[in-house]
Protein chains: 2
Amino acid sequence: MDLPNDEDPLDLDRQVCFPLYAASNLLNRHYRPILAELGLTYPQYLVMLVLWKNSPQTVGSLGDMLHLDSGTLTPLLKRMEGAGLLDRTRDPEDERRVMVGLTDYGREMRQQAEQVPARLVQNLDLDEATTAALRDQVRTLVSVLNRAADAKP
Amino acid sequence: MDLPNDEDPLDLDRQVCFPLYAASNLLNRHYRPILAELGLTYPQYLVMLVLWKNSPQTVGSLGDMLHLDSGTLTPLLKRMEGAGLLDRTRDPEDERRVMVGLTDYGREMRQQAEQVPARLVQNLDLDEATTAALRDQVRTLVSVLNRAADAKP
DNA sequence: ACTTTTTATATTGTGTACAATATAATGGCG
DNA sequence: CGCCATTATATTGTACACAATATAAAAAGT
């Protein structure tokens, strides 16, 4: 009844999606202890990366950058506000919008965070070429996924 | 104060990890409506893929395949048992182990599931070459992540 | 100006992930 | 045999993700 693996469309090894899922979980697990020293989770770290580039900005633009919606971001940002990393204030220009901006503490954390990428790569013993090639491939996939998402609804 | 993007180690676009994270979330989102017709979530679908290859097997071997621990699997498997997809029984040979096996309903679902990969690829309009290249890259990363995980603790 | 529609967040409910811890059964080892 | 470390799963507590829905402000239409 079982097909040989290279013909079975349901073979785990034939799916792009499974390695991607596994890689994402495993990477998160590698980040966790490093980011825990800063008191951050991985999604929180991503929010900080975006804000260190440009603060303040709206919840919506954060969501566009990170491909997350308010259902994920609102509680996450509230926890970060509670931790003193950022402020959330309604935009007086447009009361629907919430501006998210770094606090002094949030800005200062950037110093520490600069060591994070190096520490991760060191832990994983990844070479630069592999990393760069992979990054480009995955980025291509992300744009495909976004195109498909835009086309449908 | 801002560095140009190609020198800033904290630039979002320079991280492998972020596109991987985004791709994993986006893929999950694409799978969701397709799998919802079968009453499955994506991790539940992965469990079914493993069981269709080999049923029954222990919680531990499922976890090894999917890189998930009992904290994730136990409640997930209980929900799947509740949905009538599988059975969970203590192994009489070793009462610590729980054998997870497909029910008739679970086995029959395989027919429907065979259309899932094709429907996904069709939705995304991905070509075979890109998919294969990406899959190999990500698989390489997964093995690196596992090596690093084994080396540490 | 008033109504309708759209837009920006927030809330609710379900389902993962995972660290830390608990529990119970096996397998040594003296 | 009895004790102890190990192993296999379960539980607890925290933090995402996201669909569906709710809320309220702004924009558009009449």
Side-chain angles (χ1 to χ4, degrees), chain A residues 21-37 39-47 56-64 66-83 85 88-100 145 149 152-153, chain B residues 21-37 39-47 57-64 66-83 85 88-100 149 152-153:
Chain A
Y21 163 84
S24 181
N25 284 344
L26 289 168
L27 256 180
N28 200 321
R29 223 171 292 169
H30 281 284
Y31 265 110
R32 193 180 294 260
I34 299 175
L35 292 176
E37 297 173 20
L40 293 176
T41 65
Y42 184 63
Q44 289 174 7
Y45 170 66
L46 294 178
V47 167
Q57 58 183 293
T58 64
V59 173
S61 64
L62 279 170
D64 288 342
L66 303 176
H67 307 289
L68 296 172
D69 67 4
S70 73
T72 301
L73 282 174
T74 298
L76 190 156
L77 294 172
K78 283 184 175 175
R79 279 187 288 270
M80 295 178 75
E81 186 179 34
L85 293 163
R88 295 161 61 250
T89 52
R90 287 276 164 188
D91 182 353
E93 305 281 309
D94 181 344
E95 289 280 342
R96 291 172 302 180
R97 288 204 282 250
V98 170
M99 301 303 295
V100 180
L145 292 172
K152 280 297 152 63
Chain B
Y21 163 84
S24 180
N25 284 344
L26 290 169
L27 256 180
N28 201 320
R29 224 170 292 171
H30 282 284
Y31 265 110
R32 193 179 293 260
I34 298 176
L35 293 176
E37 296 174 20
L40 294 174
T41 65
Y42 185 62
Q44 290 173 6
Y45 171 66
L46 294 178
V47 168
Q57 57 183 294
T58 65
V59 173
S61 63
L62 280 169
D64 288 343
L66 303 176
H67 308 289
L68 297 172
D69 67 4
S70 73
T72 301
L73 282 175
T74 297
L76 190 154
L77 294 172
K78 283 184 176 174
R79 277 188 287 271
M80 293 178 76
E81 187 179 33
L85 294 163
R88 295 161 60 252
T89 51
R90 289 275 165 190
D91 183 354
E93 306 280 309
D94 182 344
E95 288 280 343
R96 291 171 304 180
R97 288 204 281 251
V98 170
M99 301 303 295
V100 180
K152 279 298 155 58

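Per chain, numbering begins at 1; letters A, B, ... match sequence-line order.
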To the nearest 0.5 angstrom, please state how far the [atom1] atom of [X] sits from the [atom2] atom of [Y].
| X | Y | atom1 | atom2 | value |
| --- | --- | --- | --- | --- |
| A:T58 | A:D91 | OG1 | CG | 8.5 Å |
| A:H67 | B:N25 | NE2 | CG | 9.5 Å |
| B:L76 | B:S70 | CG | OG | 12.0 Å |
| B:R97 | B:E95 | CZ | CD | 11.0 Å |

Q. Among C:dA8, D:dT9, C:dA10, which is the nearest nucleotide to the side chain of A:R90?
A. C:dA10
(Q) Is there a side-chain contact (heavy atoms from CB on, under 4.5 Å) between A:V47 and A:M80? Walk through the geometry before answering. (A) CA-CA 10 Å; A:V47 167; A:M80 295 178 75; 4.0 Å; yes
Report the distance from atom [atom1] of [X] to atom [atom2] of [N], rounded to the nearest whole Å.
| X | N | atom1 | atom2 | answer |
| --- | --- | --- | --- | --- |
| B:D64 | D:dT7 | CG | C1' | 13 Å |
| A:L77 | C:dT11 | CG | P | 12 Å |
| B:L66 | C:dT16 | CG | P | 12 Å |
| A:L62 | C:dT9 | CG | C1' | 13 Å |
| A:H30 | C:dA17 | NE2 | C1' | 15 Å |
| B:M99 | C:dA25 | CE | P | 18 Å |

Q) What residues form a ring-ring contact (aromatic ring centres under 6.0 Å, His included) with A:Y42, not counting sequence neighbours? A) A:Y31, B:Y21
Q) Can any side-chain N or O of B:R90 pair as donor or acceptor with the backbone N or O of B:R96 at less than 3.5 Å? A) yes
(Q) If we ignore hydrogens and angles and just use 3.5 Å, is the side chain of A:D69 paired with the main-chain N or O of A:T72 as donor and acceptor? (A) yes
Q. Would one find a side-chain N or O of B:K78 under 4.0 angstrom from OP1 or OP2 of C:dT16?
A. no
Q) Do any side-chain nitrogens or oxygens of A:R88 fall under 4.0 Å of OP1 or OP2 in C:dA10? A) yes
Kindly give the atom pairs (protein nitrogen or oxygen, nucleotide nitrogen or oxygen) under 3.5 Å for nucleotides 26-28 of chain D.
unit_1: D:dA26; atom_1: OP1; unit_2: A:E95; atom_2: N; d: 3.1

Q) Under the criterion side-chain contact (heavy atoms from CB on, under 4.5 Å), which of B:L62, B:L73, B:L46 is the partner of B:L68? A) B:L73
Q) Is there a donor and acceptor pair closer than 3.5 Å between the side chain of B:S70 and the base of D:dA10? A) yes
Could you go through nucleotides 14-17 of chain D and list every protein N or O atom that sits under 3.5 Å from one of its N or O atoms, giving the distance for each pair?
unit_1: D:dC16; atom_1: OP1; unit_2: A:T41; atom_2: OG1; d: 2.6
unit_1: D:dC16; atom_1: OP2; unit_2: A:Q44; atom_2: NE2; d: 2.8
unit_1: D:dC16; atom_1: OP2; unit_2: A:R79; atom_2: NE; d: 2.8
unit_1: D:dC16; atom_1: OP2; unit_2: A:R79; atom_2: NH2; d: 3.2
unit_1: D:dC16; atom_1: O5'; unit_2: A:R79; atom_2: NH2; d: 2.9
unit_1: D:dA17; atom_1: OP2; unit_2: B:Y21; atom_2: OH; d: 2.3

